Structures are given as C-alpha cells and as structure tokens.
Amino acid sequence: MSRIMITGMGVISAIGTTLKENRDSLINERGGITQLEFYPTAYAGRLPCGEIKISSAALHKSLFTYPDPTITRSGLLVLHAAEEAIKDSGLTQEQLASTDTALVGATTVGGMCLTDELFSDAHEKISGSPYTSSYDCASITLVAQKRFGILGEINTINTACSSSANAILYGARLIRQGFARRAIVGGADSLAKFTINGFNALNILSYGLCAPFDRDRRGLNLGEGAAFLVLEKEEDVNGKKIYAELSGYGNSNDAFHPSSISLEGEGPYLSMKEALERAKLNAGDIGYINAHGTGTENNDETESVSMQRLFGTPPPFASTKSFTGHTLGASGAIEAVYSVMGLAHQELYPSLQFREPIPATGFIPVKHYRKQAFQHIMSNSFGFGGNCSTLIFSKP
Amino acid sequence: MLYIHKSACFSAQQTYSETDLSVITESKDNRLKVKEPVYTDIPPGTLRRMGKAVRMSVGSALPLLKEFPQPDGIIIGTANGGMEDCIKFLNQIIEYREGLLTPGNFVQSTSNAPAAQIAMITKNKKYNNTHTHRGLAFENALLDAFMLLKENPDRTYLLGSVDEISDYNFNIDRLDGCFRDEIVSNKQLFDHPAAGTIAGEGSLMMIVSGQPSGAFAAVDALQTIHTTDERLVLKTLFEFLHKNGFPAVAPDLLITGENGDARLEKYYRNAESLVPRGTAIARFKHLSGEYSTASSFGFWLATEILRTGKIPEIVLKKSGKTDIRKILIYNNYRGLQHAFVLLSAR
C-alpha cells in the first residue's frame with residue numbers, strides 16, 4: 001500500500017493569511033479572537049470570534065480580475081487557501097486538469113454565511129439574488145473545481161465539526177484505492193448568523209476568550225477560515241519537498257446525543273484507537289496531540305477522559321482553537337496544517353488562556369511554545385451528531 | 001465489488017414494501033412528494049422532533065437494521081439534509097432579531113443529522129460519514145462504501161441517500177431556473193421538453209457488503225466528472241465503458257436521468273448513441289422528480305430490475321434486450337455533475 005505524503009499546504013485564519021503568518025502567530029502566542037469588526041450580527045461587540053480582518057470585497061479583489069458575483073465568503077476562503085497549497089506543492093496546470101486529480105472539500109455552513117440573502121431567496125417570488133446556487137455545502141468545492149479545472153473525483157463532506165478531517169482521510173483513501181493519483185483536501189467555513197445563533201441557543205458560546213481544558217472554561221468562540229493540503233503517493237513525489245506522511249486515521253461515532261459527547265468519551269476513544277492501529281503505532285509513540293479542545297464544558301472533559309483511557313498520561317497536548325476560535329468545518333484541516341507544521345519544524349504550539357486543570361483528570365496542556373523532537377502527531381476533531389475523527393501525521 | 005443485499009426506497013411512487021409501478025402518482029404544482037408510511041419503528045416522542053429528511057432516512061433505515069443490526073458503518077449522501085429545519089431556524093433568527101432562540105431546528109438541520117440519528121438510535125459506534133456534494137452526494141456515498149469494501153470485503157454497511165423538498169429550497173431552486181415556469185404533470189414530463197423540470201424528494205437505504213452470498217445486484221464500477229462540455233462527457237463515458245470490458249461486455253439496459261429539461265437533452269442523446277442498438281433504454285425522473293440525490297432512485301430502479309428480471313413498462317423509453325444482466329446508469333445534475341455507474345445481476 002502506497003504511503004500518502006503531504007507535499008503542499010495553505011491556510012487562512014484569524015491568525016494569518018498564509019502558512020508563515022499562522023506559524024508566526026502560534027510561535028509568538030498571538031491569538032486572533034477579538035470583537036467582530038466585519039460580520040454584521042446583533043452579537044457584534046459582545047461575542048468575541050476568530051474573525052479574519054479582511055472584508056469579503058477585499059478578498060474578492062485579491063483573487064479575481066473579473067468579479068464573480070455568485071461567490072460567497074466561504075468560497076473565497078477556499079480559493080485563497082487552495083491556491084497557496086497548490087503553489088506550495090508545485091502542482092502543474094496539466095496535473096490539476098487531469099482526471100486523476102481529486103478535490104475533497106468540507107464545510108458545515110457552506111454559502112449560508114449569507115444568512116439574510118438566503119432568507120430573502122427562500123421567500124422571494126419574482127427574482128433571486130446572485131447567490132441562488134451558492135448556499136449549499138457543495139458550492140464551496142465547486143468554485144475551486146471551476147477555478148482550477150479539476151476533472152477527477154470531487155466531493156464535499158459535512159460531518160459537522162469533524163468535516164475536514166474526514167475530507168483528508170477520504171482523499172487519502174481515493175489515492176490508495178486507485179480513484180486518484182493526488183488529492184487536494186481541506187475545508188472552509190465563515191462566520192454566519194446561522195451558527196452564531198445556533199451555538200448561542202445551545203448555551204455553549206463564551207462571552208470571554210475561550211479557555212480550552214481550563215477548569216473554569218465557559219464555552220467556545222466561533223472562528224472562520226480555510227485550509228487545504230495536497231496529498232500525493234510516495235512514488236510520485238520525485239524529490240519534491242515532503243512535509244509529513246499521513247500515517248493513520250480513524251472515524252467513529254459516539255452514538256450518544258445529537259449535541260454532546262458521552263461522559264466516557266467513547267467516540268473520541270474509538271477514533272484515536274483506530275488511527276493508532278492503522279498507523280501501526282502504540283499510544284506511547286505519539287509526541288503531541290492537537291486536541292479538539294473547543295473550550296466547552298462537555299468537550300474538554302470528555303476528551304480528557306478519552307485521552308486518559310487511551311494514554312494513561314497523555315503526551316503534550318494543546319488546543320489551537322484558543323488562537324483561531326472554532327472554525328467548524330475548517331477546523332480539522334486548519335489543525336492538520338498546524339500539526340504538520342509543528343512536526344516539520346519540531347515544535348509544540350500552546351493552548352492560550354489556560355489556568356487550572358480539570359479536576360477529573362488534572363491534565364495540563366502545553367502552555368508555552370517550545371521546540372521538541374518527536375516523530376508522530378495526532379489531531380482530533382469531534383462533531384455534533386457524535387462524528388469523531390482522528391488523523392496521525394508522521395515524519396517522512 | 002459492492003453487493004446489494006437489501007433495500008428500502010421512499011419515493012412519490014409505490015416503491016416501499018410492495019413495489020408497484022403500474023399506477024403512478026401524479027405530481028402537484030410541479031412537485032412529487034414522498035408517500036410516507038406510518039413510522040412504527042420510531043418512538044412517537046422522537047418522531048415529533050424529527051424533520052422530514054431525518055424522519056425519512058431513519059424510517060427507511062430501521063427496518064433494514066432489524067435484519068442486519070450492526071453494520072460496520074453508516075454512509076449517507078444528502079445535498080441539504082434538513083432544509084425545512086434549516087429555514088425554520090433562519091426564520092427564528094430574522095423574526096426574533098437574533099434574540100433568544102430554541103436550538104431544536106438548528107440541531108436537526110445539520111446535514112449529518114440523518115446518519116447521526118441512525119447511529120444514535122441503533123448504538124452504532126463505527127464508521128459514519130455524510131457526503132453533501134450536491135448532484136453527486138449519493139455517488140460519493142456509493143464510492144465511499146465501494147472503497148471500504150475493496151479494502152475489506154468482509155464488511156457490511158448501511159448506505160443511503162435522502163433529500164427533501166421544502167417550500168424554501170423549492171423556491172430557491174425555482175429562482176435559480178431548475179423548474180418549469182408553467183405547471184406540467186409528471187405524466188407529460190417528456191412530451192414537450194422545455195427549460196426546467198419538476199421537483200422531487202426521496203430516501204433510499206441499502207445494506208451492502210463485499211460478499212455475493214444472498215445479494216441480488218452488484219456495482220461493478222463508477223466514475224464521475226464535472227464539466228459542461230458534452231464532448232468531454234461523451235469521451236469520459238466511452239473510456240469508462242472500455243475500461244470495463246466494452247464492447248465485448250455491453251450494458252443490456254441504459255437508465256438515464258433524463259428529466260424533460262431541454263437544456264440537458266444533448267447529454268442524454270449522446271449517452272444513448274453510445275450503447276449498442278439492442279440495448280434497452282429507460283428513464284425515471286417522471287416517477288421521482290428531480291433533486292440532488294434523485295439518481296439514487298435510478299439506482300434503486302436498476303437493482304429492482306436486476307432482482308425481478310422485469311423492466312416496468314412506465315420507465316421504458318426504447319425496448320431492446322429483455323434478459324437484463326448488466327445496467328449502465330448515466331445521470332447528470334444541472335449540466336455540470338455527471339455520474340456513470342455499472343451494475344450487474346448476481
């Protein structure tokens with residue numbers, strides 16, 4: 001079975017518009033969660049979010065010579081991150097347009113970031129907005145398909161907050177099973193009234209900065225962003241730069257509750273365990289865990305319990321959601337990029353705002369940036385509906 | 001190889017429990033709505049909270065899971081998931097100006113709610129995935145299962161699709177030019193092709209495995225492509241058939257996603273021109289209506305024909321071979337998303 005290598009990456013989030021900017025913020029412990037300046041919601045000034053401080057119009061201008069009025073902010077974020085990843089891996093125009101290049105996107109909100117336009121189009125009788133085919137999840141992947149002229153297998157996944165982790169493992173499987181030779185995989189979500197109000201109605205948004213794994217955590221902060229990775233077979237890489245190998249992945253369902261994880265963390269435990277088995281590694285081989293770590297009462301406790309079950313004492317871990325906010329469908333891919341970046345540079349990124357450990361486990365996340373030698377890194381993503389996924393990246 | 005062992009199809013027609021396509025239900029206001037059965041397997045309290053997409057998918061999945069209680073995963077294709085709940089929550093946001101809202105609709109509206117609810121009700125902690133790639137959401141779910149079974153033929157999966165018509169997505173798709181401006185009956189859908197078609201909805205659930213024993217149909221191969229260039233579609237289909245033994249092995253029946261939309265006729269004519277003269281041709285969107293995962297109705301039809309050995313008169317466009325062993329399905333969603341699936345009899 002071919003080894004799957006990561007040869008390119010791109011990311012945009014509240015802590016930077018490029019790989020380099022994101023890494024600089026992580027190294028310098030500079031979080032990006034602030035009060036809203038651009039997104040129009042009644043909660044602006046009250047609920048801090050990981051907002052990218054670039055207007056949609058400015059993003060549009062940086063990407064298009066001739067404006068495309070049908071593209072939503074989520075679509076713009078996809079193009080921005082996917083372009084960086086494609087350039088980074090050096091994929092040629094010919095490779096992009098070949099039938100053996102796959103594209104797998106992921107999102108939860110899709111084009112519904114345009115909440116008011118969607119409302120109006122759902123009720124309007126005579127003529128629609130330019131966005132009538134841009135609201136669904138697939139729309140964000142289709143803008144990239146069109147821009148890059150990709151003719152291979154194309155998919156969009158929505159498993160809530162684990163969506164883009166599943167996009168990554170699906171892309172790897174397409175390559176392994178011979179349905180693609182290379183795959184561009186990732187996800188995007190932008191801030192939306194839909195999610196701000198949805199999560200707020202569930203009482204899981206923090207009105208202060210989120211504090212993952214802290215005893216007194218008050219909930220999560222929403223964020224926005226996109227990240228894409230280029231996956232290629234080891235034998236096709238031909239002397240190109242290789243960041244890491246995608247050595248393992250797991251997917252399981254917690255089968256407990258629509259919007260919370262079981263107290264024993266069954267789904268998280270099973271997905272981490274499966275990823276280890278697939279990578280043929282022992283728990284002790286993992287050098288760092290990029291935790292799901294949303295900062296909600298339920299997630300951080302159950303994730304800690306599941307880590308305790310699998311690792312006893314877990315390796316160094318942290319949640320980079322304390323920098324970016326929870327970017328939902330993009331989070332699995334953004335955190336995969338951070339994991340691969342940390343592994344490539346042999347460094348650990350911290351959790352911000354942590355003070356006291358959760359009494360049940362006493363686990364303390366990495367509090368400050370540091371250099372460290374390690375071979376394997378695990379990234380967790382758990383979603384509503386019990387959808388849990390885990391990825392493992394290894395030094396090539 | 002992916003083998004189909006059992007299926008349940010909810011549609012506007014009599015396709016559930018006893019299949020009967022001799023009498024067809026007529027569309028109303030350019031919509032074909034699902035005939036929902038009485039849901040005896042879902043507790044009433046749970047049922048009340050479910051939106052239509054969740055209800056249809058859970059309702060069609062549970063009877064299959066009685067016979068195959070713990071498949072190795074649940075894989076669903078849905079373009080929109082719970083659209084009705086999604087817009088209900090949106091209405092709350094606008095109406096109450098982002099005030100105090102109830103989260104029920106929000107939780108029910110996520111696309112992964114059908115697969116998640118089935119997992120929760122049946123305590124299935126295994127692989128779980130939701131594919132939302134619009135007109136190829138079902139095909140991607142199928143490909144997902146196909147790959148898992150290639151990797152491990154001993155496994156069994158619940159594979160399915162669901163999409164609902166709500167007034168809201170009907171309106172958005174109507175504004176986008178999907179549907180006919182004038183009212184047309186599904187019985188006359190193919191009589192006068194014009195821009196647009198009629199809307200539909202449905203749910204298909206299947207038990208699939210990598211083992212032929214007890215199966216009634218198999219998927220040999222599938223491929224998809226995104227393009228509006230009809231020559232490229234034709235070339236890709238031609239190459240797909242040749243990769244799978246054509247012309248020595250040719251389909252006995254071609255099922256197309258023809259939907260009365262004049263803008264898409266060229267693609268379907270091309271596909272019809274590619275198969276041998278003796279190949280029978282069938283179509284199904286006058287029974288299902290058009291929706292993002294309508295191709296799953298065509299897929300169900302193919303498996304029924306392979307199971308029973310009979311082509312229902314109502315779907316036949318051109319008669320040909322009557323001993324149907326191999327079926328090619330070609331579906332096209334809005335001129336951009338094309339899927340080719342080859343099935344064979346067991």
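Everything numeric in this text was worked out from a predicted model, so none of it was measured. FYI, side chains are in, hydrogens and waters are out, and symmetry mates aren't considered; it's all heavy atoms of this structure.
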Exercise. Sequence neighbours excluded, which residues qualify as salt bridge (Lys or Arg N to Asp or Glu O under 4.0 Å) partners of Asp167(B)?
Worked result: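 So Asp167(B) forms a salt bridge (Lys or Arg N to Asp or Glu O under 4.0 Å) with Arg31(B).
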Exercise. Which residues, numbered in order, of residues 88-98 of chain B come under 4.5 angstrom of chain A by heavy-atom distance?
Worked result: Phe89(B), Leu90(B), Asn91(B), Ile93(B), Ile94(B), Arg97(B), Glu98(B)
Exercise. For chain A, which residues from residues 114-129 of chain B have at least one heavy atom closer than 4.5 Å to it?
Worked result: Ala116(B), Gln117(B), Ala119(B), Met120(B), Lys123(B), Asn124(B), Lys125(B), Lys126(B), Tyr127(B), Asn128(B), Asn129(B)
Between [options], which residue shows the highest count of heavy-atom pairs closer than 4.5 Å to chain A?
{"options": "Asn105(B), Leu101(B), Thr224(B)", "answer": "Thr224(B)"}
{"options": "Asn140(B), Ile87(B), Thr78(B)", "answer": "Asn140(B)"}
{"options": "Asn80(B), Ile74(B), Asn171(B), Leu336(B)", "answer": "Asn171(B)"}
{"options": "Gln108(B), Lys150(B), Glu139(B)", "answer": "Lys150(B)"}
{"options": "Met83(B), Arg334(B), His226(B)", "answer": "His226(B)"}

Problem set entry | salt bridge (charged side-chain N to carboxylate O under 4.0 Å, His left out) evaluation trace for Lys52(B) with Asp85(B) | CA-CA 9 Å; Lys52(B) 192 176 192 181; Asp85(B) 273 297; over 6 Å; no
Smallest separation among heavy atoms of [X] and [Y], with atom names:
{"X": "Gly332(A)", "Y": "Ser164(A)", "value": "N-OG, 3.2 Å"}
{"X": "Asn158(A)", "Y": "Cys137(A)", "value": "ND2-SG, 3.7 Å"}
{"X": "Asn197(A)", "Y": "Gly99(B)", "value": "OD1-O, 4.5 Å"}
{"X": "Ala165(A)", "Y": "Leu391(A)", "value": "O-CD2, 3.8 Å"}
{"X": "Leu246(A)", "Y": "Ala172(A)", "value": "CD2-CB, 3.6 Å"}

Problem set entry | Side-chain donor-acceptor pair present, Tyr267(B), His338(B), cut-off under 3.5 Å |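 On atom types as modelled, these side chains do not qualify, holding no pair under 3.5 Å.
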Problem set entry | Polar side chain donor-acceptor pair, Asn166(A) to Ser389(A), under 3.5 angstrom | yes
Look at [options] and state which one has the largest set of heavy-atom pairs under 4.5 Å with chain B.
{"options": "Asp121(A), Asp254(A), Thr195(A), Ile196(A)", "value": "Asp121(A)"}
{"options": "Thr108(A), Thr99(A), Leu270(A), Leu118(A)", "value": "Leu118(A)"}
{"options": "Ala160(A), Gly152(A), Ser162(A), Gly383(A)", "value": "Ala160(A)"}
{"options": "Glu153(A), Met112(A), His257(A), Glu124(A)", "value": "Glu153(A)"}
{"options": "Gln145(A), Glu274(A), Arg176(A), Lys146(A)", "value": "Gln145(A)"}
{"options": "Tyr131(A), Phe179(A), Tyr43(A), Phe194(A)", "value": "Phe194(A)"}

Contact class of [X] relative to chain A, heavy atoms under 4.5 angstrom:
{"X": "Leu143(B)", "answer": "both"}
{"X": "Phe170(B)", "answer": "neither"}
{"X": "Cys178(B)", "answer": "neither"}
{"X": "Gln337(B)", "answer": "side chain"}
{"X": "Thr102(B)", "answer": "backbone"}
{"X": "Asp144(B)", "answer": "both"}
{"X": "Ile172(B)", "answer": "both"}

With a cut-off of 6.0 Å (strictly less than), are more than 12 heavy atoms of other residues, nucleotides or ligands near [atom1] of [X]?
{"X": "Asp116(A)", "atom1": "CG", "value": "yes"}
{"X": "Leu100(B)", "atom1": "CG", "value": "no"}
{"X": "Arg173(A)", "atom1": "CZ", "value": "yes"}

Problem set entry | Salt bridge Lys273(A)-Glu277(A), side-chain N to carboxylate O under 4.0 Å | yes
For this session: Output yes when Glu151(B) and Arg278(A) qualify as a salt bridge under the 4.0 Å nitrogen-oxygen rule, no when they do not.
Result: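 Yes.
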Seminar exercise, completed: Turns out that what part of Ser139(A) lies under 4.5 Å from chain B's heavy atoms comes down to both
Problem set entry | Row check, Phe179(B) ring normal vs Arg174(B) NZ/CZ: under 6.0 Å, within 45° |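 Because its charged atom misses either the 6.0 Å distance or the 45° angle limit, Arg174(B) does not stack over Phe179(B).
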Seminar exercise, completed: OG1 of Thr156(B) to CG of Asp72(B), rounded to nearest 0.5 Å, is 5.5 Å
Problem set entry | Whether Phe106(B) and Phe199(A) hold their rings parallel, tilted or perpendicular, with breakpoints at 30° and 60° |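 Because their plane-to-plane angle is over 60°, the rings of Phe106(B) and Phe199(A) count as perpendicular.
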Exercise. Do Leu232(B) and Leu151(A) touch side chain to side chain, with heavy atoms closer than 4.5 Å?
Worked result: yes
Problem set entry | Residues that Asn253(A) engages under side-chain hydrogen bond (donor to acceptor under 3.5 Å, both in side chains), provided they are two or more places apart | none
